Amino acid sequence: MKALIALPFAASLLGVVALTAGAPSVGARQTQTPGAQAFAACRACHTLPAGGKSVMGPNLNKLFGRKAGAAPGFAYSPALKASGIVWDAKTLDAYLAAPTKVVPGTRMVMKVPDPARRAALIAYLKAETK
């Protein structure tokens, strides 16, 4: 009889242990690079993986070396299509600093004014969009 009472208790205890064994502690945080942290704000509009959806902005896979306004499946502004920009670290740096100044008429209005944050973001994009 004692075994029958102890069995449900042991099962529930094992379930609690199994649920909490791999869980991070309450105060634990996942460490992110500065570039990943900078991209967090971009994630609302852009995706990175190959075949990723275009959302409010285009998918950024294979961004470097691509002509601005040329990724398939996204309706770019006429201004960006006509800009003649080919994305590299230098053009992306200027664009992220002041998109509407670099390409008047672009729909992207989010800026990254801090040069260090832009550099981290560009390095992150280079690594993540190959």
Side-chain angles (χ1 to χ4, degrees):
M1 185 69 159
K2 286 183 183 178
L4 291 177
I5 294 171
L7 188 58
F9 174 74
S12 65
L13 182 61
L14 284 174
V16 169
V17 169
L19 287 174
T20 59
S25 65
V26 174
R29 280 193 191 177
Q30 201 173 28
T31 304
Q32 287 188 336
T33 66
Q37 289 173 353
F39 186 72
C42 309
R43 220 174 265 291
C45 298
H46 297 282
T47 59
L48 299 177
K53 283 197 253 178
S54 291
V55 191
M56 298 270 303
N59 173 276
L60 300 178
N61 193 264
K62 302 204 183 296
L63 174 67
F64 291 86
R66 183 169 75 203
K67 185 176 178 192
F74 186 75
Y76 289 94
S77 68
L80 195 60
K81 283 184 186 180
S83 71
I85 293 172
V86 175
W87 297 120
D88 61 20
K90 185 178 176 182
T91 57
L92 192 55
D93 183 60
Y95 185 74
L96 291 172
T100 57
K101 286 184 181 175
V102 173
V103 182
T106 185
R107 291 187 205 123
M108 183 164 141
V109 295
M110 297 296 294
K111 306 181 215 185
V112 183
D114 177 30
R117 191 167 177 87
R118 274 196 318 275
L121 176 57
I122 291 166
Y124 176 78
L125 289 173
K126 272 186 178 179
E128 296 294 318
T129 64
K130 291 181 178 182

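This one's a predicted model, so the numbers in the text were calculated from it and none came from an experiment.
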Original post:
Under 3.5 Å, is there a donor-acceptor pair between the side chain of Thr91 and the main chain of Ile85?
Top reply: no
Subject >> Contacts of type side-chain hydrogen bond (donor to acceptor under 3.5 Å, both in side chains), residue Thr106, not counting sequence neighbours >> reply: Tyr95
**OP:** Pick out which of Leu96, Leu80, Val103 makes a side chain to side chain contact (heavy atoms under 4.5 Å, CB included) with Met108.
**Re:** Leu96
Subject >> Residues which pass side-chain hydrogen bond (donor to acceptor under 3.5 Å, both in side chains) with Thr100, listed by chain and number, not counting sequence neighbours >> reply: none
**OP:** Could you tell me which residues satisfy side-chain contact (heavy atoms from CB on, under 4.5 Å) with Ala94, sequence neighbours excluded, listed by chain and number?
**Re:** Val102
Subject >> Partner residues of Asp114 under the side-chain hydrogen bond (donor to acceptor under 3.5 Å, both in side chains) criterion, sequence neighbours left out >> reply: none
Subject >> Listed once per pair and sorted, the salt bridge (charged side-chain N to carboxylate O under 4.0 Å, His left out) pairs that draw on residues 89-106, sequence neighbours left out >> reply: Asp93-Arg118
**OP:** With rounding to the nearest 0.5 Å, note down the distance linking CG in Asp88 to NZ in Lys126.
**Re:** 8.0 Å
Could you pull out every donor-acceptor pair under 3.5 Å between side chains of residues 49-61 and any protein atom, sequence neighbours left out?
unit_1, atom_1, unit_2, atom_2, d
Ser54, OG, Asn59, N, 3.2
Asn59, OD1, Asn61, N, 2.8
Asn59, ND2, Thr47, OG1, 2.8
Asn59, ND2, Pro49, O, 2.9
Asn59, ND2, Gly52, O, 3.3
Asn61, ND2, Leu48, O, 3.0

Subject >> Partner residues of Ala119 under the side-chain contact (heavy atoms from CB on, under 4.5 Å) criterion, sequence neighbours left out >> reply: none
**OP:** Could you list all the side chain to side chain donor-acceptor pair (under 3.5 Å) pairs where at least one residue sits in residues 70-87, not counting sequence neighbours?
**Re:** none
Could you list the donor-acceptor pairs under 3.5 angstrom formed between side-chain atoms of residues 33-43 and any protein atom two or more places apart in sequence or on another chain?
unit_1, atom_1, unit_2, atom_2, d
Thr33, OG1, Ala36, N, 3.0
Arg43, NH2, Tyr124, OH, 3.4

**OP:** Not counting sequence neighbours, which residues clear ring pair (Phe, Tyr, Trp, His ring centres under 6.0 Å) with Phe64? List them please.
**Re:** none
Original post:
Is there any salt bridge (charged side-chain N to carboxylate O under 4.0 Å, His left out) pair reaching into residues 56-70, and which pairs are they, with sequence neighbours excluded?
Top reply: none
Original post:
Using a side-chain heavy atom cutoff under 4.5 Å and only I, L, V, M, F, W and Y, what cluster partners does Val109 have?
Top reply: none
